[in-house]
Amino acid sequence: MLSLVIVILSLSALAYFAARPAFRAARTRKPEVDATPRSATSVPEPTTLEGALSGQLMRGEISRSHYRSVMQRLASRDDQEHPFVVPEAGDSGTAQ
C-alpha cells in the first residue's frame, strides 16, 4: 500500500514539473488581438424565423414580451401543422 502511494506521489510530482513551464508561458503570454474591425456582414444571416427573432431581441429591436408572444404564436402554429402524437403503450411506432 505504501509503495502505491509513493508511486502516485512520484507521478504527480513528475507531471507537475513537466507541465510547469507550459503554465508559466501561458500566464505571461499576451493575448493576440485582431486589429481588423468586424463588419456587420461577417455574421451570417439567420435562416429561420426563430433565428431572426432572437437576433432582433439581442439587438434591442423588439421587446421581450413581443418576442415571447411571437414565439408563442409560432409554437401554436407548429402544433397545429405537426401535432405531437404519443404512441400507445407497447407500440413500437413502426408500421406493420
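Treat the numbers as computed from the prediction; the structure is a model and nothing was measured.
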Side-chain polar contacts of residues 50-58 - donor-acceptor pairs under 3.5 angstrom, sequence neighbours left out - could you list them?
unit_1: S54; atom_1: OG; unit_2: E50; atom_2: O; d: 3.3
unit_1: S54; atom_1: OG; unit_2: G51; atom_2: O; d: 2.9

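- Residue-environment remark: CD (Q72) stays at or below the threshold of 12 foreign heavy atoms within 6.0 Å.
- Between atom CG of residue L74 and atom CG of residue D79 there is a gap of 12.5 Å, rounded to the nearest 0.5 Å.
- Counting Ile, Leu, Val, Met, Phe, Trp and Tyr side chains that sit under 4.5 Å apart, directly or through other members, I6 shares a hydrophobic cluster with L2.
- Counting only residues at least two apart or on different chains, the salt bridge (Lys or Arg N to Asp or Glu O under 4.0 Å) pairs with a member in residues 56-69 are R59-E61.
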